[in-house]
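Notes for the one structure printed next.
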2 protein chains.
Amino acid sequence: MSGFLRYKKILDLFSEERSSWTVLEISKALETPSSTIYRIVREMVSAEFLESAAGSYFRLGPAFIKFNRIINFSDPLVRAGQPFLKKLADENPITSVNVLARLYGNKVMCVADYKSPSFKKNTSYQRGKLMPLIYGATSRAIIMQITNRKLQDLINLENFKSDEDKNIFLKDLKNDRKKGYCFTEGQVDKGLIGFAVSISNKKLGIEASLSSIFDLDEFLLEHEPIIYANLTSYGLLVEKYINEIFEDIQKYHHKTNSIR
Amino acid sequence: MSGFLRYKKILDLFSEERSSWTVLEISKALETPSSTIYRIVREMVSAEFLESAAGSYFRLGPAFIKFNRIINFSDPLVRAGQPFLKKLADENPITSVNVLARLYGNKVMCVADYKSPSFKKNTSYQRGKLMPLIYGATSRAIIMQITNRKLQDLINLENFKSDEDKNIFLKDLKNDRKKGYCFTEGQVDKGLIGFAVSISNKKLGIEASLSSIFDLDEFLLEHEPIIYANLTSYGLLVEKYINEIFEDIQKYHHKTNSIR
DNA sequence: CTTAAAATTATCATTATTTAATAATTTAAT
DNA sequence: ATTAAATTATTAAATAATGATAATTTTAAG
């Protein structure tokens, strides 16, 4: 265990289910002497990546809240897309959960979400949560924009039940790519349906999606055209804003670099 | 530069204003050879604390979003208080910004906020932002619960204009402690006023506050009793929930520790 | 498709840090 | 006040980080 991994292994112990650990517990879990863990934990506490809680427990520190905020206010995708999620929800014909998500390793992560206040059911899509790459419209609108080698690599990491399943998935993906949007039913949450469009920006390396999730019980066929119209128009708007943000960033860097 | 500091120094370069850096820029800023920075950045990218963006730039990685989410769903203060912020806003007599904040080093950090949809002015209190310890009701309701040595240490870090200012501050603090709540006007944002109560839990080491911020132009004296009533009752409710969460955590740890 | 520049990774001797066993100290609970 | 638990300090030995340079890969332009 060396380098950053030393610190990351400790952080990775912390989860929603188990959010506080003592040094001795960490020491056992990582099979590392407690004197070593004490030293490392002390470092991380002083950097505010961990904080000491009561009863000699430690929990994740406020540095994560701070850096999360910086991402929120500066990440081009979040900055460009966040303001439109509420608008999209308000314009949808029925209550919805609206999600901006992006590729994160070989998973998909929701980076912003807005739920209509009266939406009743629970959804798995919540900011910061990792979702499977091959299920749900949100994910599909992301993977459908990926091609060649990178697509191969991602697909190879997935466990399809059979080669047939894999081929069906790839064929569906091709179809969706042609159509320009995705629809799935109950792949992630039972009783919910999802619609999604791709969001991308090559210069910024953004591979993302914008999606709306509805309660199947509320959904009528006549809603479909409005949903697609909303998603595609807001999708384009988000891409336009991402581009503007990109140009701002470039100007800024040009300026600061020439000063030096 | 050694240990975790090596990594933290790089992360600390990233800010809202400057959210992407190249390896060469980092290398210059930290006066460290680029071969070293390349190695460190690579480590952090693979741990997802940084991510490579377009044009050989790097930005903060999705690990922060992930861990932030874990804090959101598990931090006793956030878990207990978050759900009440909207309720508090809805019950306040005029539009408001409602904030849960806590001590963070020698600063105060907002850990959850809810703004009435129609609240017009901008406030400095946004989740994740660090605020001064000695200005604003939000901060004062935190520092007023701190005593003895710890208070001394915190006060000594502050730059008061004069000894007189310092004494006035300490006297006001004493008064507020007696009253059980704080009021300030325009100390953080001009044209805004703040009301706050303390939130604490000794066992969990929580030193926090619940506050409501209003537009001075909308505020009438007759609102005051309602505001105080709301803050104090929700403050007690939040403390009660923190306590329940504490007991849940204890049970859980008891269980998992006895299994081993 | 080629080519040149820029970005990134690999190599390795030197230097510095981390490790972990143990002792010493501090803190917390009765 | 006392004792156990938690934390910090100390140390030689083991290990890893550094940074100069070379090698490779990627990117952008013609």
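Atoms considered below: every heavy atom in the structure, side chains included; atoms not considered: hydrogens, waters and symmetry mates.
- We find that CG of B/Leu50 is positioned 13 Å from P of C/dT8, with the value rounded to whole Å.
- Per the geometry, CD1 belonging to A/Ile10 stands 14 Å off C1' belonging to C/dT19, to the nearest Å.
- Using cut-offs of 30° and 60° for the angle between ring planes, the B/Phe49 and A/Phe4 rings count as perpendicular.
- Atom-to-atom, CD1 of A/Ile37 to C1' of D/dT8 comes out at 15 Å; the value is rounded to the nearest Å.
- Rounded to an integer number of Å, the gap from OH of A/Tyr57 to C1' of C/dT27 is 17 Å.
- Counting heavy atoms from C-beta outward, A/Ile143 and A/Leu103 have side chains that stay 4.5 Å or more apart.
- A/Ser211 and A/Thr138 form a side-chain donor-acceptor contact under 3.5 Å, judged by distance and modelled atom types alone.
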TODO: Apply the test side-chain contact (heavy atoms from CB on, under 4.5 Å) to residues A/Leu50 and A/Arg59: give CA-CA distance (whole Å), side-chain angles for both, the deciding distance (0.1 Å), then the verdict.
DONE: CA-CA 6 Å; A/Leu50 289 179; A/Arg59 55 178 177 233; over 6 Å; no

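- Regarding contacts with the backbone of C/dT8, a side-chain N or O of B/Tyr38 is found under 4.0 angstrom from either OP1 or OP2.
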Each nucleotide N or O in nucleotides 15-21 of chain D that has a protein N or O under 3.5 Å away: list the pair and distance.
| residue | atom | partner | partner atom | Å |
| --- | --- | --- | --- | --- |
| D/dA17 | OP1 | A/Gly3 | N | 3.1 |
| D/dA17 | O3' | B/Arg6 | NH1 | 3.0 |
| D/dT18 | OP2 | B/Arg39 | NH1 | 2.7 |
| D/dT18 | OP2 | B/Arg39 | NH2 | 2.7 |
| D/dG19 | OP2 | B/Thr36 | OG1 | 3.0 |
| D/dA20 | N7 | B/Ser35 | OG | 3.4 |

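- In this entry C/dA6 has D/dT25 as its Watson-Crick or G-U wobble partner, both defining distances falling under 3.5 Å.
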- [ ] Test B/Glu25 against B/Arg18 for salt bridge (Lys or Arg N to Asp or Glu O under 4.0 Å), laying out the working first.
- [x] CA-CA 12 Å; B/Glu25 287 167 351; B/Arg18 185 101 155 79; 3.4 Å; yes

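- Rounding to whole angstrom units, CZ of residue B/Arg42 and P of D/dT26 are separated by 13 Å.
- Judged by the 6.0 Å and 45° rule, A/Arg69 forms a cation-pi pair with A/Phe73.
- Between the NZ atom of B/Lys28 and the C1' atom of C/dA7 there is a distance of 15 Å, given to the nearest Å.
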